[in-house]
Amino acid sequence: MKNKILIFDTTLRDGEQSPGASMDIREKLEMARQLERLNVDVIEAGFPIASVGDFEAVKLVAKEMKKPIVCGLSRALKKDIDRALEALHFAKHPRIHIFLATSKIHMQYKLKKAESEIIKIARESVAYARKHIKDIEFSPEDASRTEPEFLKEVVEAVIDAGATTVNIPDTVGYAIPEKYGALIKYLKDNVRNIDRAVISVHCHNDLGLAVANSVSAIANGAGQVECTVNGIGERAGNASLEEIVMILKTRNDIFKDYYTGINAKEIHRSSRLVSQITGISVQPNKAIVGANAFAHESGIHQDGVLKERTTYEIMSPESIGLTENKLVLGKHSGRHAFKNKLEEMGFKLSDADLDKAFERFKELADKKKTVYDEDIQAIISDEIANVPETYMLEYLSVSSGTKTVPTATVRLKKGDDVVEDAACGDGPVDAACKTIDRITGIKGKLSSFSLRAVTSGKDAIGEVFVRVDSEGLTVSGRGASTDIIEASAKAYVNAINHLLYMKGRKIAKKPSSMCE
């Protein structure tokens with residue numbers, strides 16, 4: 001009988017801890033919808049005690065998700081547990097994830113507590129949560145550097161208290177596959193009540209071994225893997241969901257006793273959406289979802305693939321949902337046809353967002369001969385990422401050349417007011433940003449700028465992602481257009497709107513002790 005390996009996706013929580021990868025509520029909800037289409041078993045939606053935004057995001061995701069378990073993270077504190085329980089109140093399948101460090105280095109320098117105190121806190125926190133919820137996961141943080149005998153005691157104690165899943169995190173990516181697999185086997189063989197809980201693993205990629213460690217754990221008794229789309233996450237990232245899933249699927253000769261419930265044909269779309277929302281591009285040589293993953297330049301390789309694909313491809317592009325589908329719609333297509341196409345692609349928009357997206361589509365259809373699904377995804381991502389539009393770009397004109405001082409004229413709309421100004425800069429993008437600064441009265445520093453083509457061709461949509469620093473805050477912005485200067489200006493205005501939105505809310509600092 002085959003064993004199902006549960007896929008616990010933490011893109012919305014640990015993945016969001018990637019520097020600059022912060023997601024707002026709407027982005028988290030759209031990503032959660034895609035994770036549901038991907039058919040993950042568990043969605044860790046956030047850390048409710050961390051901020052008002054995180055609490056609202058977990059609450060919104062919990063309300064909408066029908067199939068997956070929705071999980072909220074919590075320290076081993078009653079106030080954290082209560083906040084998580086409140087956020088998960090409307091979830092159809094709620095889970096609370098409690099963590100507490102157990103390694104000597106964490107106990108000595110971070111917690112300043114003895115082993116007996118750690119066991120007591122762990123047991124009591126789980127027992128408290130168990131009074132209110134049945135599905136409880138417990139993580140002994142930095143488990144891979146915890147003494148095995150003590151780790152065994154902690155795991156036994158939390159299972160006795162009511163934990164249904166015990167996660168063994170390699171928090172700092174220190175483990176190697178052989179030793180990590182042996183640790184999982186040790187727990188499987190020696191924890192007296194282990195049959196009452198699922199063993200989970202959560203591996204970080206500091207030594208590039210997160211996926212290898214996760215797979216070794218599966219082979220030694222782990223029943224759940226915690227991972228993120230594209231492997232994003234703190235520092236060097238987490239174990240990559242797509243790699244783990246496709247290893248089990250492709251190397252079925254070795255892992256014949258294991259399977260996942262993942263809809264692999266949604267992998268490519270999930271990867272694209274994470275990249276679009278966070279602005280973190282996937283490296284071209286990234287396994288499974290990189291641009292070069294199914295590319296063949298060598299003449300020998302090309303000849304082999306043309307004769308028989310499996311000579312140089314161990315999986316097909318179609319198996320992860322990578323196709324050349326084109327959107328069979330044009331500038332004469334109506335709103336109803338556009339809406340149907342979006343539903344086929346898995347997007348669910350409000351009437352207001354649909355109207356805005358349709359208007360963008362019509363503008364694009366006037367500029368491009370062929371509109372691809374990827375173009376539509378860029379438009380939708382642009383719309384769902386929008387914070388309230390305090391300012392909206394109405395007009396942009398740029399003068400630039402080898403012997404011309406770059407100058408930009410910008411017209412922004414704010415409510416019923418329209419303001420126009422012009423400024424010079426080191427280049428057309430700099431000039432546009434400086435003009436926007438003059439109009440808004442906000443001086444932003446562009447700390448990061450990236451541009452990528454969404455599709456091929458000279459008329460491809462350019463997608464720009466910026467990171468802007470201002471008054472101690474760092475915000476991100478995104479814009480898309482067939483004109484890369486316009487896309488840059490849109491991205492910068494989006495960042496300014498994001499900055500104003502954050503200033504208008506209470507910005508709570510996340511607790512320093514985070515489970516990874």
Side-chain angles (χ1 to χ4, degrees), residues 20 276 279 281 356 359-369 375 378-379 381-383 385-455 457-503:
Q276 287 169 340
S281 298
K356 290 166 69 177
E359 186 178 336
R360 292 278 304 279
F361 163 72
K362 296 291 275 189
E363 290 174 2
L364 182 62
D366 279 333
K367 296 177 183 177
K368 291 195 67 174
K369 183 177 180 180
D375 295 321
I379 289 174
S381 296
D382 213 13
E383 292 302 328
N386 280 340
V387 294
E389 288 187 310
T390 305
Y391 289 98
M392 186 168 61
L393 182 66
E394 284 247 312
Y395 171 83
L396 171 68
S397 177
V398 174
S399 172
S400 183
T402 55
K403 295 185 179 180
T404 303
V405 176
T407 306
T409 301
V410 176
R411 185 186 303 146
L412 296 183
K413 185 176 182 181
K414 182 183 181 183
D416 294 329
D417 297 328
V418 176
V419 184
E420 186 174 302
D421 207 336
C424 301
D426 293 332
V429 172
D430 185 50
C433 291
K434 283 180 176 174
T435 308
I436 293 166
D437 285 347
R438 284 167 61 100
I439 294 173
T440 61
I442 296 173
K443 189 171 179 61
K445 179 184 177 184
L446 201 63
S447 59
S448 176
F449 177 95
S450 64
L451 165 68
R452 71 183 184 91
V454 174
T455 56
K458 294 177 182 177
D459 61 354
I461 281 185
E463 190 171 51
V464 172
F465 181 88
V466 298
R467 197 162 292 128
V468 178
D469 298 327
S470 178
E471 300 178 25
L473 292 173
T474 299
V475 297
S476 58
R478 185 170 64 249
S481 173
T482 50
D483 182 326
I484 61 173
I485 307 301
E486 181 186 2
S488 303
K490 283 183 174 181
Y492 194 73
V493 170
N494 182 241
I496 295 297
N497 286 334
H498 207 154
L499 181 66
L500 292 170
Y501 177 67
M502 289 179 71
K503 283 182 175 180

Minimum heavy-atom distance L393-K490, with the two atoms named: CD2-CG, 3.9 Å
Under the rule for salt bridge (charged side-chain N to carboxylate O under 4.0 Å, His left out), what residues qualify as partners of D483, not counting sequence neighbours? none
Quick one: list whatever passes side-chain contact (heavy atoms from CB on, under 4.5 Å) with T435, sequence neighbours left out. A408, V410, D421, A423, I439
Residues two or more places apart in sequence or in another chain: which of them pass side-chain contact (heavy atoms from CB on, under 4.5 Å) with S448? R467
Shortest non-hydrogen contact from S470 to G444? CB-CA, 4.3 Å
Residues forming a side-chain contact (heavy atoms from CB on, under 4.5 Å) with T482, sequence neighbours excluded: L364, K367, K368, I461
Decide side-chain contact (heavy atoms from CB on, under 4.5 Å) for Y492 and L446; before the verdict, give the C-alpha distance in whole Å, the side-chain angles of both, and the deciding distance to 0.1 Å. CA-CA 9 Å; Y492 194 73; L446 201 63; 4.1 Å; yes
Candidate pair V468 and L499, rule side-chain contact (heavy atoms from CB on, under 4.5 Å), full reasoning: CA-CA 9 Å; V468 178; L499 181 66; 5.9 Å; no
Set of salt bridge (charged side-chain N to carboxylate O under 4.0 Å, His left out) partners for E363, sequence neighbours left out: none
For residues 398-419, which residue pairs qualify under side chain to side chain donor-acceptor pair (under 3.5 Å), counting only residues two or more places apart or in two chains? R411-E420
Of all the heavy-atom pairs spanning R478 and N494, show the shortest one and how long it is. N-OD1, 3.1 Å
Contact summary for A491 and V466, nearest pair of heavy atoms: O-CG2, 3.6 Å
Going by the rule side-chain contact (heavy atoms from CB on, under 4.5 Å), which residues pair with T440 if we only count those two or more places apart in sequence or in a different chain? Y391, L412, I436, I442, I496
Say you draw a straight line from NZ of K434 to SG of C424; how long is it, rounded to the nearest 0.5 Å? 9.0 Å
What residues form a side chain to side chain donor-acceptor pair (under 3.5 Å) with N497, not counting sequence neighbours? none
Which atoms form the tightest heavy-atom contact between A487 and S481, and what is the distance? CB-N, 3.7 Å
Taking everything shown except I484 itself, do over 12 heavy atoms lie less than 6.0 Å from its CD1? no
Side chain to side chain donor-acceptor pair (under 3.5 Å) against T474, all qualifying residues, sequence neighbours excluded: D469
Take S281 and F465 through the test side-chain contact (heavy atoms from CB on, under 4.5 Å) and record every step on the way to the result. CA-CA 10 Å; S281 298; F465 181 88; over 6 Å; no
Grab the two heavy atoms, one from V464 and one from F449, that are nearest each other, plus how far apart they are. CG1-CE1, 3.5 Å
